[in-house]
Enquirer: 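Submitted below is the structure of interest, expressed as structure tokens.
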2 protein chains.
Amino acid sequence: MATASNQCLDCSVRDTSLCGGADTDDLAALSAIGRRRTLGAGQVLTWAGDANLLCANVVAGILKVTAATANGREQIVGLLFAGDFVGQPFTDDSTVTVTALSESDLCIYPRERFERVLGKAPGLEHALLRWTMAALDNARERMLTLGQRGAQERIAGFLLDLVDRASPGGPSNVISIDVPISRGDMADFLGLTIETVSRQLTRLKGMGAVALPRGGRTILVQDRAILEALANLG
Amino acid sequence: MATASNQCLDCSVRDTSLCGGADTDDLAALSAIGRRRTLGAGQVLTWAGDANLLCANVVAGILKVTAATANGREQIVGLLFAGDFVGQPFTDDSTVTVTALSESDLCIYPRERFERVLGKAPGLEHALLRWTMAALDNARERMLTLGQRGAQERIAGFLLDLVDRASPGGPSNVISIDVPISRGDMADFLGLTIETVSRQLTRLKGMGAVALPRGGRTILVQDRAILEALANLG
DNA sequence: CGGGATGTTGATGGCAGTCAAGCTCGGTGG
DNA sequence: CCACCGAGCTTGACTGCCATCAACATCCCG
């Protein structure tokens with residue numbers, strides 16, 4: 001067991017992931033059922049509607065959680081970063097599709113064994129509860145955005161979220177963000193079209209709020225105050 | 001303690017609420033910190049931004065969970081029925097407002113004491129985890145609706161949800177629904193305006209999918225198949 | 001250097017929001 | 001008993017935002 005848990009103790013998301021809520025014994029149990037796997041950009045981890053066979057922790061990379069309508073319109077209902085939990089314990093079928101947006105490393109657990117470990121490790125279950133409640137809170141904020149805010153507010157708010165994720169404490173006024181996702185994914189995340197996202201970004205450029213070097217995925221936030229004024233946050 | 005838990009054993013939501021996951025000892029602990037309270041229609045249980053002082057189970061009635069933008073636009077991010085859990089354990093400030101839509105009975109627990117009971121009752125915490133995951137799943141489905149579906153699809157889907165809630169097994173073709181909320185709340189729930197909701201309902205009436213006696217809150221679903229065709233469910 | 005994926009820009013149209021008027025119904029008080 | 005009133009709902013006219021369709025630019029990879 002000592003060797004098994006050592007690989008967890010070295011893990012880069014040891015403290016930020018669920019495992020932060022696990023004591024040494026719990027970690028050993030988790031470690032015994034987990035295995036590492038790398039997903040290439042675009043690869044799918046789980047499909048909506050398929051049997052729900054696995055849970056995982058994100059060790060590195062970015063993934064999207066998507067739901068789709070019958071006629072093929074897609075909504076990104078969540079983004080996952082290093083330290084986030086993936087999966088739907090206690091349900092038999094997946095309701096969402098999880099896809100890697102960039103090359104990603106995961107620590108994967110067979111779902112039923114993961115549930116059994118949870119049942120014996122209250123600390124872990126507690127950590128998962130807190131994570132799930134935070135995700136719910138996040139989902140509620142996004143419902144507000146999708147239901148009530150205009151395109152400009154959605155974009156500005158999204159950029160502010162990226163800034164805060166990139167530099168949690170940094171009140172620096174000019175910040176370079178490496179936007180982790182394509183325009184298309186931004187659109188699916190915000191409930192807009194690619195064209196509207198593009199237009200709003202050039203509009204922000206015109207206002208001096210951002211700069212868009214080379215038209216790529218790097219965004220330079222030049223005036224946070226403008227974004228905040230436009231975002232209309234609650 | 002026997003007397004304390006007896007009042008719980010008689011509770012009408014004993015099996016459908018969180019308490020279904022509690023053994024006799026846990027129930028006694030819960031019962032010791034809980035007290036009943038009735039809210040009139042329109043009364044607010046918790047305000048977004050206020051100190052987060054309580055959690056509760058819904059014993060009877062209907063409540064809405066709302067978030068609002070800085071300029072006052074409101075989005076209903078959840079509806080609560082008998083058996084549902086209310087509250088945000090482990091966070092210091094409420095992020096949402098909870099308001100009774102009809103006269104409602106709640107079983108209220110001071111938040112910190114509730115958390116302490118949770119810590120000693122893994123069965124309860126497990127039940128809360130499952131409830132929260134179900135709520136998250138629900139929230140994801142609603143993000144799909146708010147981000148991708150048109151007004152007609154939203155209305156049709158909402159009516160189908162009401163039908164399924166009212167008669168879970170009943171495949172009867174003509175169903176009377178007592179819509180529990182006003183047009184305004186329907187609009188806030190679906191991310192639409194009152195006028196659009198009204199127009200879409202009369203449109204459905206024109207198609208023969210529903211009947212709207214007296215323009216009130218009763219809706220007669222006359223042709224479920226039409227609604228399903230319009231809802232475009234995933 | 002070519003070709004496909006990704007992003008930008010433009011023209012147009014439709015769906016839902018806004019503003020406004022009228023209707024229905026339940027309640028209240030003269 | 002009826003007149004009045006106000007809240008909630010419906011309907012209409014108009015506007016505006018964003019989706020759609022389309023063409024073009026740019027970047028990346030071979």
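Labels below follow one simple rule: chain letters A, B, ... track the order of the sequence lines, proteins then strands, and each chain is numbered from 1.
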Enquirer: Closest to the A:T193 side chain: D:dC9, D:dT20, C:dT8?
Expert: D:dT20
Enquirer: To the nearest Å, how far apart are B:Q200 CD and C:dG14 P?
Expert: 16 Å
Enquirer: Looking at A:R217, I'd like to know whether one of its side-chain N or O atoms comes within less than 4.0 Å of OP1 or OP2 on C:dG7.
Expert: yes
Enquirer: Could you list all N or O pairs between the protein and nucleotides 9-11 of chain C that sit under 3.5 Å apart?
Expert:
from, atom 1, to, atom 2, distance (Å)
C:dG10, N7, A:R199, NH1, 2.8
C:dG10, O6, A:R199, NH2, 3.2
C:dA11, N6, A:R199, NH2, 3.4

Enquirer: Are side-chain N/O atoms of A:D188 and A:Q75 paired as donor and acceptor at under 3.5 Å?
Expert: no
Enquirer: D:dT11 P sits how many Å from B:L201 CG, rounded?
Expert: 10 Å
Enquirer: Under 4.0 angstrom, heavy atoms only, what part of the nucleic acid is A:L192 near: base, sugar-phosphate, or nothing?
Expert: sugar-phosphate
Enquirer: Scan B:R154 against the nucleic acid and name what it touches under 4.0 Å (heavy atoms): base, sugar-phosphate only, or nothing.
Expert: nothing
Enquirer: Taking atom C1' of D:dC18 as reference, at what distance in whole Å does atom CG of B:L146 sit?
Expert: 17 Å
Enquirer: Figure out the CZ/P separation between A:R149 and D:dC17, and round it to whole Å.
Expert: 18 Å
Enquirer: Side-chain donor-acceptor pair under 3.5 Å between A:T91 and A:N52, yes or no?
Expert: yes
Enquirer: Of the nucleotides C:dG7, D:dC18, D:dA19, which one has an atom closest to the side chain of A:S182?
Expert: C:dG7
Enquirer: Nearest whole Å is fine: how far is C:dT6 C1' from A:D185 CG?
Expert: 12 Å
Enquirer: By the 4.0 Å heavy-atom rule, please label B:R203 as base, sugar-phosphate, or nothing.
Expert: nothing
Enquirer: Do the side-chain N and O atoms of B:S94 and B:D50 include a donor-acceptor pair separated by under 3.5 angstrom?
Expert: no
Enquirer: Over how many whole Å does the gap from B:L212 atom CG to D:dC9 atom P extend?
Expert: 12 Å
Enquirer: Whole angstroms only, please: what is the CD-P distance between A:Q148 and D:dC18?
Expert: 13 Å
Enquirer: A cation-pi test, strictly: NZ or CZ of B:R142 under 6.0 Å from the centre of the six-membered ring of B:F189 and no more than 45 degrees from its axis. Yes or no?
Expert: yes
Enquirer: Any side-chain donor paired with an acceptor under 3.5 Å for B:T145 and B:R149?
Expert: yes
Enquirer: So, B:N57 and B:S17: side-chain donor and acceptor under 3.5 Å apart, yes or no?
Expert: no
Enquirer: Taking atom types as modelled, is there a side-chain donor on A:Q43 or A:T99 under 3.5 Å from an acceptor on the other?
Expert: no
Enquirer: Rounded to the nearest angstrom, tell me the gap between atom CD1 in B:I181 and atom P in D:dG8.
Expert: 14 Å
